[in-house]
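So the structure is just underneath, and the comments pick up after that.
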Number of protein chains: 2
Amino acid sequence: MARPKKFDEAAGLQKAMNVFWKKGYAGTSISDLTTSMEINAPSLYATYGDKHKLFVSALQTYLQSQHEWMRQAVLEQKPVREIIRYLLATLIDATLEDPERRGCFMVNTITEMANQDTQVFRIAADNENQIRSILADLIRKGQTSGEIASEKDAEILASFLFINFMGIRVIAATNSDKKHLHSALDAILSAI
Amino acid sequence: MARPKKFDEAAGLQKAMNVFWKKGYAGTSISDLTTSMEINAPSLYATYGDKHKLFVSALQTYLQSQHEWMRQAVLEQKPVREIIRYLLATLIDATLEDPERRGCFMVNTITEMANQDTQVFRIAADNENQIRSILADLIRKGQTSGEIASEKDAEILASFLFINFMGIRVIAATNSDKKHLHSALDAILSAI
DNA sequence: GTAGTTTTGTATCGATCATTACAAAACACA
DNA sequence: TGTGTTTTGTAATGATCGATACAAAACTAC
């Protein structure tokens with residue numbers, strides 16, 4: 001019935017995500033996006049809406065893959081502490097191995113816009129709740145199996161872990177000392 | 001010999017800092033700055049250089065006050081754990097009480113630009129070294145006084161604390177649950 | 001007062017910003 | 001082979017970007 005699209009919508013969104021991730025919202029121009037996505041501005045607007053809508057879509061794409069990865073890791077049949085160490089260690093390694101050192105797209109977005117963009121603020125708050133919930137479940141699992149002292153408050157430990165997730169993402173953007181970062185994991189785990 | 005300046009240079013820098021802190025580097029326009037600083041563009045350029053130079057000056061102003069505050073706190077004649085708790089608690093409260101929820105200017109800058117601006121990268125790395133050094137000294141003080149187990153590695157504990165400083169600054173930008181954030185401090189301190 | 005120096009205000013620079021009008025191009029279906 | 005529909009490419013919109021040219025204004029030193 002009509003001329004078909006020349007590009008893959010999901011692939012374009014992925015490209016957009018990578019640009020926003022690297023340069024931030026304000027630092028990314030439509031020209032940056034059309035160049036990277038290899039489409040024209042009218043196609044971008046027709047397909048993804050305006051810049052802000054595309055940004056939100058890119059962010060949610062990122063969060064989905066992030067959550068999926070975390071849920072996968074949590075399902076593993078391994079000691080809970082090992083899972084937690086794996087999560088933290090993988091965050092460090094991923095950040096250090098990224099040649100562009102982009103850190104965490106969600107953290108970058110929070111620090112850039114959460115205080116000025118209510119939609120972004122809600123997404124960030126929602127993300128925190130989801131991840132804290134995953135972590136709290138994991139800790140409760142460790143408590144029922146006896147790996148973690150059951151007197152401890154799982155919600156608080158989850159918050160503590162979440163703080164360290166965020167902190168590691170920031171530090172690893174400027175500190176390249178892999179050994180040093182990994183050794184901090186021992187301190188983190190000692191609090192659990 | 002000449003017409004004197006109508007505005008206070010240091011006060012203008014402070015105003016600029018507050019704007020950059022809230023809106024970030026890319027998100028701040030020269031117009032935003034001249035409006036807030038109540039000077040004209042030519043005065044801004046003549047006094048502070050270009051936008052990037054002004055930004056770096058603002059960031060260094062921020063870091064100086066931050067370091068001064070921390071060095072002051074560390075000098076207090078109180079138990080080391082109390083000092084650490086005070087530092088963390090004050091960070092939480094300051095972030096929550098800021099009506100603009102700007103978080104930490106250094107963290108915001110790292111996540112916005114450290115991967116694209118070598119000067120900012122160096123400033124961030126230098127800041128990390130300074131703060132980690134202050135924290136390591138504090139921990140060593142606690143070890144000589146017997147408050148902290150001397151088997152522990154002071155440098156690693158300092159890194160651990162630094163991670164939590166950064167993490168708290170990010171979280172407190174979107175999570176307003178003061179009680180909850182404060183209760184996470186117990187977990188942090190339990191690792192020391 | 002006058003000369004010399006610097007800051008100020010105005011007005012503008014070319015470049016780029018996000019967004020869109022418009023028409024040619026490319027397909028599906030008849 | 002048309003007809004209808006949607007995407008594409010080009011080109012442009014007004015607005016704003018960072019940065020300055022220029023001259024009037026404001027001060028000090030003489």
Side-chain angles (χ1 to χ4, degrees), chain A residues 1-60 108-109 112-113 116-120, chain B residues 1-61 105 108-109 112-113 116-120:
Chain A
M1 267 291 246
R3 178 175 181 173
K5 278 203 166 111
K6 214 170 70 178
F7 65 98
D8 182 48
E9 195 170 324
L13 187 55
Q14 205 77 22
K15 291 272 192 184
M17 182 193 83
N18 281 318
V19 179
F20 279 130
W21 189 353
K22 175 180 183 181
K23 304 182 130 192
Y25 180 73
T28 298
S29 69
I30 299 291
S31 170
D32 289 332
L33 292 165
T34 55
T35 299
S36 167
M37 300 164 79
E38 294 177 290
I39 61 175
N40 303 315
S43 297
L44 187 154
Y45 280 88
T47 307
Y48 305 99
D50 60 13
K51 185 187 177 187
H52 191 269
K53 283 205 182 75
L54 174 56
F55 180 82
V56 169
S57 299
L59 179 59
Q60 281 167 336
N108 299 357
T109 301
E112 181 186 3
M113 322 173 59
Q116 290 172 285
D117 187 313
T118 57
Q119 189 178 3
V120 162
Chain B
M1 266 289 244
R3 178 177 181 173
K5 279 206 166 108
K6 214 169 70 177
F7 65 97
D8 183 50
E9 193 169 325
L13 186 55
Q14 206 76 19
K15 291 271 193 183
M17 182 193 83
N18 281 317
V19 179
F20 279 130
W21 189 353
K22 176 180 182 183
K23 305 181 130 193
Y25 179 73
T28 299
S29 68
I30 299 292
S31 170
D32 289 332
L33 292 165
T34 56
T35 299
S36 168
M37 299 164 79
E38 295 177 287
I39 61 175
N40 303 315
S43 297
L44 187 154
Y45 281 89
T47 307
Y48 305 100
D50 59 14
K51 185 188 177 185
H52 191 269
K53 283 204 182 76
L54 174 55
F55 180 82
V56 170
S57 299
L59 179 59
Q60 280 167 337
T61 301
F105 187 20
N108 299 356
T109 302
E112 181 186 2
M113 328 174 52
Q116 290 172 285
D117 188 313
T118 57
Q119 189 177 5
V120 162

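Everything numeric here is computed off the predicted structure, so don't read it as measured data. As a basis for the values below, the full set of heavy atoms in this structure was taken, side chains included, without hydrogen atoms, waters or symmetry mates. Residue numbering restarts at 1 for every chain, and letters A, B, ... go by the order of the sequence lines.
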Give me each pair satisfying side chain to side chain donor-acceptor pair (under 3.5 Å) with a member in residues 26-46 of chain B, each pair once, sequence neighbours excluded. B:Lys23-B:Asp32, B:Ser29-B:Asp32
So, is A:Lys5 close to the C:dC27 phosphate, meaning a side-chain N or O under 4.0 Å from OP1 or OP2? no
Taken to the nearest whole Å, CZ/A:Arg3 to C1'/D:dT8 is 4 Å
Begin from the C-alpha positions of A:Lys15 and A:Met37 and carry the test side chain to side chain contact (heavy atoms under 4.5 Å, CB included) through to its verdict. CA-CA 6 Å; A:Lys15 291 272 192 184; A:Met37 300 164 79; 3.9 Å; yes
Heavy-atom nearest nucleotide on DNA chain D for B:Pro42 versus B:Tyr25: which residue maps closer to 5'? B:Tyr25
Sugar-phosphate, base or nothing in reach of A:Thr34, heavy atoms under 4.0 Å: nothing
Between P of D:dT8 and CD1 of A:Ile39, the distance in whole Å: 8 Å
Tell me which residues in residues 15-23 of chain B lie within less than 4.0 Å of DNA chain C, going by non-hydrogen atoms. none
Just checking A:Pro4: base, sugar-phosphate only, or nothing, at a heavy-atom cut-off of under 4.0 Å? sugar-phosphate
Taking CD from B:Glu38 and P from C:dT8, how many angstroms apart are they, rounded to a whole number? 13 Å
Atom CZ of A:Phe7 and atom P of D:dT7: how far apart are they, to the nearest Å? 8 Å
Please state how far atom CG in B:Asp32 lies from atom C1' in D:dG18, giving the value in whole angstrom units. 12 Å
Rounded to the nearest Å, what distance is computed from the CD1 atom of residue B:Ile30 to the P atom of nucleotide C:dT16? 16 Å
Distance in angstrom units between B:Phe55 CZ and D:dC17 P, rounded: 17 Å
dist B:Thr118:OG1 -> B:Met113:CE (nearest 0.5 Å) comes out at 10.0 Å
Can a donor-acceptor pair be found, under 3.5 Å and without considering hydrogens, that links the side chain of B:Glu112 to the backbone of B:Tyr25? yes
Regarding the side chain of B:Asn40, the nearest nucleotide among D:dT8, D:dG18, C:dT8 is C:dT8
Atom NZ of residue position A:Lys51 - does it have more than 12 heavy atoms of other residues, nucleotides or ligands inside 6.0 Å? yes
Can a side chain N or O of A:Lys51 be found less than 4.0 Å away from OP1 or OP2 on C:dA18? yes
From the candidates C:dT19, C:dT7, C:dC17, the one with an atom nearest any side-chain atom of A:Ala41 is C:dT19
Please state whether the phosphate of C:dT8, meaning OP1 or OP2, lies under 4.0 angstrom from any side-chain nitrogen or oxygen of B:Ser43. yes
Nearest-Å distance for atom pair CG/P, residues B:Leu54 and D:dC17: 15 Å
Would you please confirm or rule out a distance under 4.0 Å between OP1 or OP2 of C:dT20 and any side-chain N or O of A:Tyr45? no
Tabulate below the donor-acceptor pairs under 3.5 Å that side-chain atoms of residues 53-61 of chain B make, not counting sequence neighbours, or state none.
| from | atom 1 | to | atom 2 | distance (Å) |
| --- | --- | --- | --- | --- |
| B:Ser57 | OG | B:Lys53 | O | 3.0 |
| B:Thr61 | OG1 | B:Ser57 | O | 2.9 |

Return the minimal non-hydrogen interatomic distance between B:Lys22 and A:Gln116, and the atom names on each side. O-OE1, 3.4 Å
